[in-house]
Amino acid sequence: MTAAKEINLTLKVWRQNGPDDPGGFEVYRAEKISTDMSFLEMIDVVNETLTLNGKEPIAFDHDCREGICGMCGAVVNGRAHGPEKGTTLCQLHMRHFSDEDTIVIEPWRAKPFEIIKDLVVDRSSFDIIVQAGGFISVNVGGAQDANNIPIPQDVVEKAMDAAACIGCGACVAACPNASAMLFVSAKISQLALLPQGKPEAARRASAMIKTMDELGFGNCGNEAECQEECPKEISITNIARLNREFIKASFFSSVK
Amino acid sequence: MQLEAKSPEGPLAEKWDRHRFELKLVNPANKRKYTIIVVGTGLAGGAAAASLAELGYNVKNFCIQDSPRRAHSIAAQGGINAAKNYPNDGDSIRRLFYDTIKGGDFRSREANVYRLAQVSNQIIDHCVAQGIPFARDYGGLLANRSFGGAQVSRTFYARGQTGQQLLLGAYSSLSRQIAAGKVQMFPRREMLDLVLVDGRARGITARNLITGEIESHDAHAVVLATGGYGNVYFLSTNAMASNVTAAYRAYKKGACMANPSFTQIHPTCIPVHGTYQSKLTLMSESLRNDGRVWVPKKPGDNRKPELIPEADRDYYLERKYPSFGNLVPRDVASRNAKEQCDKGKGVGDTGLAVYLDFKDAIKRDGEEVIRKKYGNLFQMYEKITGDNPYETPMMIYPAVHYTMGGLWVDYNLMSTIDGLFVLGEANFSDHGANRLGASALMQGLADGYFIIPYTIGGYLAGTGFSEVNTDDEAFKESTAQVNAKVEKLLSIQGRRTVDDFHRELGHIMWEHCGMARNNESLEKAKSMVQTLRSEFWEDVLIPGVDKDFNQSLERAGRVADFLEFGELMIIDALSRQESCGCHFNEDYQTEEHEAKRDDENYSHVTAWEYTGDDREPVEHREPLVFENVQPTQRSYK
Ligand SMILES: Cc1cc2nc3c(=O)[nH]c(=O)nc-3n(C[C@H](O)[C@H](O)[C@H](O)COP(=O)(O)OP(=O)(O)OC[C@H]3O[C@@H](n4cnc5c(N)ncnc54)[C@H](O)[C@@H]3O)c2cc1C
Ligand code: FES
């Protein structure tokens with residue numbers, strides 16, 4: 001392992017006590033931070049000090065701390081999940097920062113993601129979009145042998161690329177229009193690519209897109225910021241695939 | 001209390017069939033009259049909630065995270081086992097059963113393990129139908145890899161993200177049932193108590209983690225699928241919110257806790273590197289398919305790994321276990337790594353690491369092939385350590401990973417409380433004293449998709465229920481108790497943070513009740529945990545208020561339970577005067593330092609019954625009867 005150093009930082013952190021509180025930045029020092037720490041471990045250290053000084057620690061969501069659950073996320077110096085490409089906040093390490101840096105930390109900001117407290121936001125709208133059609137309608141018990149339908153390797157690999165989405169919401173936070181197109185397109189693509197998902201492809205695309213619109217997410221303006229900030233590097237080619245599926249659903253199918 | 005395993009009669013291969021036939025059925029029209037609470041949305045809970053709803057039951061499903069899709073199962077990397085025998089390499093249901101029983105060092109129930117192997121194939125069928133993008137060969141058929149403790153290739157995988165894909169499959173089925181109105185979802189809720197009416201599980205008390213409100217929920221039966229308790233060690237590969245609270249509160253209400261000291265230490269994790277560290281990261285066992293484990297032959301040889309010639313390296317697993325080599329089971333691999341480091345041959349800054357080297361695999365297959373198989377794992381390793389495993393060997397060390405112990409359940413997955421079912425890692429059922437890789441995902445989905453839908457029906461159909469609702473005394477009492485505990489925690493306003501206590505507890509457990517144990521140090525640890533627990537209740541500092549989003553308070557409740565549960569683990573470890581699987585008591589080992597079982601006296605499951613806060617728990621034993629396999633000294637040579 002590369003030798004660790006210790007750095008000192010100034011943090012400007014968004015604090016907001018509930019959705020109705022106007023909120024604001026507070027400034028803290030983060031002292032003696034090892035460059036081997038993850039960003040969240042750095043916040044842990046700051047939180048221990050805040051607690052011992054009789055203050056409330058910074059609320060932030062996190063769970064797996066290995067970049068897979070999609071629970072963590074904040075805007076760091078203007079970038080969703082911070083400066084490293086293809087990295088969640090929990091996997092961002094302090095070796096990417098320098099001594100005496102000032103770091104600005106804010107929650108995801110998007111109308112459909114209400115702030116619950118500090119850096120914690122409500123992402124339940126993503127669940128609602130999936131409930132609209134992000135599944136294959138199969139009950140337990142009725143499946144045929146798993147090898148009955150061969151699926152070309154490249155097709156499965158493409159489906160897997162899309163399925164890698166962790167639902168963190170960075171795409172929405174990064175988008176000037178707060179569009180959820182990358183998230184929605186990843187699910188639609190995964191299922192539309194696979195033979196098992198084809199029968200419902202049209203209905204799925206129209207239902208998910210309709211729900212996304214109803215929830216107040218904006219339109220895609222082809223800015224590609226979402227792809228840039230996605231910690232799993234989900235490609236915007238999925239959005240093109242979504243558009244194709246949507247057009248098919250609107251024009252060629254009886255399901256609207 | 002009598003522990004009745006309720007394993008069906010008859011030949012092993014016919015037990016499950018026969019049992020399913022004998023179980024009473026709930027008529028389709030009546031299913032909607034029953035409400036079932038499922039706590040947990042991991043593979044076990046998510047699968048259970050979805051499949052019970054598909055059958056027509058009303059389901060209330062709870063989880064701690066903001067979405068059911070984020071349960072800890074999402075982090076599983078390597079794969080899921082099944083006895084498909086697609087590679088034609090000699091696998092069968094019988095072999096998967098045998099490997100699992102043997103891997104568990106003959107401390108699990110034959111009938112349960114056989115059933116697990118039987119339903120394994122249906123799991124794969126169902127998952128493919130759900131749209132899970134499992135890896136495939138060029139011909140478009142499903143690919144397999146090998147995991148430890150098996151000589152066949154039976155592990156299905158989706159890159160290094162198998163748990164994620166399987167969980168998203170269960171989550172999609174669950175979402176479909178939420179949309180259909182059959183599942184009511186309660187995210188950001190923490191179950192803090194189980195409610196019993198007339199001796200049956202009839203509901204739960206939960207805290208809304210956003211508002212801090214204490215809520216009551218009633219039902220006809222309660223299913224716990226709340227995962228494992230590895231975080232008792234503070235540092236583990238588990239997600240931060242993984243806890244014992246739900247299971248422990250059920251234990252305090254009368255559910256027996258089985259084999260709590262059986263915890264698995266995974267051999268391939270990124271070594272500890274600092275005191276601030278919050279968790280350990282697993283490097284999937286699948287890496288042992290291609291990586292070779294070694295240490296320098298000479299203690300203290302601190303040359304860079306590239307500069308240590310072959311002649312000065314000891315590939316100790318290949319040397320000691322020629323037939324399984326790097327793929328010995330986890331407990332064996334972990335203990336061997338510790339043994340090498342204890343001899344001073346450990347590498348890295350701390351000397352607590354061994355090498356996992358891909359040089360030969362890259363030479364043999366080319367970097368591209370290796371990248372395709374393990375790309376995301378290599379990338380994760382590099383992110384965390386700053387080292388590039390394509391160029392220099394990984395450094396790995398064992399870390400707490402999985403808990404075989406858990407709430408005792410019978411063949412129907414019902415605990416010693418009527419109407420309380422326990423699934424997935426939260427129960428003790430299938431893995432004995434050591435779990436084989438890729439078998440937890442299999443068990444979680446087996447329990448949730450294919451077992452509980454049958455056995456819960458048998459319970460519901462065979463039980464006369466009284467009218468119960470949340471106005472009943474039992475719910476009010478439970479709410480009052482939960483509130484009192486929250487108030488007590490917040491009133492202490494001491495000097496030490498929750499994490500500070502948790503870290504100290506973890507240290508005690510790791511040192512004294514970890515990879516190797518002995519009676520003297522276990523006794524010492526018992527009093528250390530007791531002392532720490534009383535300090536906690538006098539000196540913990542929890543900021544904020546109860547009716548708010550308060551993460552310190554959440555953690556405090558979990559750590560308070562770990563502080564009691566840790567002692568139960570130690571009591572359990574002391575009661576088992578043998579070694580088996582992951583429970584390695586140094587006083588009981590073979591000449592080759594393998595775990596030495598005592599089948600004469602310890603061929604049983606230990607189940608602990610709670611009898612009061614200041615009283616020792618009562619020990620019950622479920623004898624293990626082997627009619628189909630002959631327990632042997634495990635050998636992986
Ligand atoms: C890093 C890692 C990699 C792994 N890789 C593999 C692998 O490759 N193959 C394999 O077979 N196994 C693997 N495992 C093991 C496997 O992932 C777990 O054993 C399994 O996923 C557990 O599933 P579960 O459904 O029982 O519990 P979990 O997935 O832990 O789910 C627990 C659920 O319960 C909820 N919950 C917990 N407590 C409460 C409460 N008090 N109130 C309300 N809700 C609560 C949580 O919110 C969550 O929804 C791995 C484990 C780890 C840590
Ligand atoms: S905490 Fe799970 S992705 Fe960051």
Side-chain angles (χ1 to χ4, degrees), chain A residues 1-2 4 34 36-37 40-41 44-45 48 51-52 54-57 59 61-71 87 91 93 95 116-117 120 123-124 126-127 130-132 134-140 143-147 150-153 156 159-160 163-164 167 190-191 194 196-197, chain B residues 51 54 65-67 69-70 72 74-75 86 124-126 128-131 133 136-142 158-159 161 164-165 168 172-173 175-176 178-179 187 210 239-241 273-274 276-279 281 348-349 380 383-387 395 449-450 453 497 499 541 543-544 549 551-552:
Chain A
M1 263 174 232
T2 35
S34 160
D36 269 349
M37 281 184 196
L40 299 188
E41 284 167 346
D44 289 341
V45 170
E48 287 286 287
T51 304
L52 291 170
K55 302 213 179 77
E56 267 203 65
D61 265 332
H62 61 100
D63 199 21
C64 72
R65 296 202 172 193
E66 9 192 285
I68 192 76
C69 73
M71 191 98 181
T87 305
Q91 293 288 85
H93 280 72
R95 65 181 76 92
I116 293 174
K117 188 171 182 174
V120 177
R123 286 169 292 200
S124 49
F126 271 16
D127 291 320
V130 174
Q131 286 155 24
F135 46 76
I136 289 173
S137 299
V138 50
N139 281 5
V140 174
Q144 60 180 338
D145 186 87
N147 254 350
I151 308 176
Q153 204 182 45
V156 156
M160 182 62 215
Q190 175 203 339
L191 298 180
L194 298 170
Q196 291 83 357
Chain B
S51 38
E54 284 167 11
Q65 292 78 9
D66 70 332
S67 161
R69 66 178 288 154
R70 305 199 204 284
H72 163 62
I74 198 103
Y86 288 152
I124 303 303
D125 297 342
H126 182 62
V128 167
Q130 279 176 325
R136 287 171 185 266
D137 295 331
Y138 286 119
L141 300 180
L142 291 158
R159 295 200 189 140
Q161 289 128 275
Q164 179 199 26
Q165 294 311 313
L168 293 181
S172 70
S173 293
S175 298
R176 177 169 160 247
I178 295 172
I210 300 178
M240 303 300 283
H273 50 83
Y276 49 82
Q277 204 163 343
S278 58
K279 77 159 284 180
T281 303
D349 288 345
M380 178 145 83
K383 270 190 188 142
I384 294 173
T385 63
D387 282 347
M395 278 191 261
Y449 286 138
F450 293 105
T497 63
D499 278 8
L541 170 59
F549 187 89
Q551 293 172 309
S552 308

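Letters go in sequence order (proteins before strands), and every chain restarts at 1.
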Quiz item: Any idea which of A:H62, A:H93, A:E56 has the most non-hydrogen atom pairs under 4.5 angstrom with chain B?
Solution: A:H93
Exercise. Pick one of side chain, backbone, both or neither for A:I151, based on which atoms fall under 4.5 Å of a heavy atom in chain B.
Key: both
Quiz item: Nearest heavy-atom pair of B:A75 and A:I68: which atoms, and what distance?
Solution: CA-CG2, 3.6 Å
Quiz item: Are the side chain of A:Q190 and the backbone of B:G131 linked by a donor-acceptor contact shorter than 3.5 Å?
Solution: yes
Practice problem: Please name the pair of heavy atoms, one in B:P133 and one in A:A163, separated by the smallest distance, quoted to 0.1 Å. | Solution: CG-CB, 4.0 Å
Practice problem: Check each atom of B:S67 against the heavy atoms of chain A and say whether the ones under 4.5 Å are side chain, backbone, both or neither. | Solution: both
Practice problem: Indicate yes or no for a side-chain donor-acceptor contact from A:Q196 to the backbone of B:Q130 under 3.5 Å, with no hydrogens or angles considered. | Solution: no
Self-check item: For A:D63 against B:A241, the heavy-atom pair lying closest together
Solution: OD1-N, 2.8 Å
Practice problem: Measure across A:A146 and B:I124 and return the closest heavy-atom pair with its distance rounded to 0.1 Å. | Solution: CB-CG2, 3.8 Å
Quiz item: What part of A:T51 is in contact with chain B, defined as an atom under 4.5 angstrom from a non-hydrogen atom: side chain, backbone, both or neither?
Solution: both
Quiz prompt | Nearest heavy-atom neighbours spanning A:V138 and B:A129 | solution = CG1-O, 3.8 Å
Practice problem: Look at A:N139, A:I136, A:D61 and state which one has the largest set of heavy-atom pairs under 4.5 Å with chain B. | Solution: A:N139
Practice problem: Apply the test side-chain contact (heavy atoms from CB on, under 4.5 Å) to residues B:Y86 and A:D145: give CA-CA distance (whole Å), side-chain angles for both, the deciding distance (0.1 Å), then the verdict. | Solution: CA-CA 11 Å; B:Y86 288 152; A:D145 186 87; 2.7 Å; yes
Self-check item: Pick from B:R176, B:R69, B:Q164, B:K383 with the largest number of heavy-atom pairs that fall under 4.5 Å of chain A
Solution: B:R176
Quiz item: What pairs with B:T497 under side-chain hydrogen bond (donor to acceptor under 3.5 Å, both in side chains), at least two apart in sequence or on another chain?
Solution: A:E48
Exercise. Determine the option with the most heavy-atom pairs under 4.5 angstrom with chain B, choosing from A:A159, A:G54, A:S137.
Key: A:S137
Practice problem: Heavy-atom pairs under 4.5 Å with chain A are the metric here; pick the option from B:Q161, B:R70, B:M240, B:Q65 that has the most. | Solution: B:R70
Self-check item: Most contacts with chain A, counted as non-hydrogen pairs under 4.5 angstrom, among B:Y449, B:Y276, B:F549
Solution: B:Y276
Practice problem: Against chain B, label A:Q144 side chain, backbone, both or neither, depending on which of its atoms sit under 4.5 Å from a heavy atom there. | Solution: backbone
Quiz item: At a heavy-atom separation under 4.5 Å, does A:L191 approach chain B through its side chain, its backbone, both, or neither?
Solution: side chain
Quiz item: In terms of heavy-atom pairs under 4.5 Å with chain B, which of A:G67, A:A132, A:P152, A:A59 leads?
Solution: A:A59
Self-check item: Partners passing side-chain hydrogen bond (donor to acceptor under 3.5 Å, both in side chains) against A:D44 (at least two apart in sequence or in another chain)
Solution: A:R65
Practice problem: State, to 0.1 Å, how close A:G134 and B:S172 come at their nearest heavy-atom pair, and which atoms those are. | Solution: O-CB, 3.4 Å
Quiz item: Heavy-atom distance under 4.5 Å to chain B: side chain of A:A164, backbone, both or neither?
Solution: both
Quiz item: Where on B:I210 is there a heavy atom nearer than 4.5 Å to chain A: the side chain, the backbone, both, or neither?
Solution: side chain
Practice problem: Against chain B, work out which of A:P57, A:G70, A:G197 has the most heavy-atom pairs shorter than 4.5 Å and name it. | Solution: A:G70
Practice problem: Spell out, as yes or no, whether a donor-acceptor pair under 3.5 Å connects the side chain of A:N147 to the backbone of B:L141. | Solution: no
Quiz item: For the candidates A:V45, A:V120, A:L194, which exhibits the highest count of non-hydrogen atom pairs separated by less than 4.5 Å from chain B?
Solution: A:V120
Quiz item: Within the distance-only criterion (no hydrogens, no angle test), does the side chain of A:Q91 pair as donor or acceptor with the backbone N or O of B:M380 below 3.5 angstrom?
Solution: no
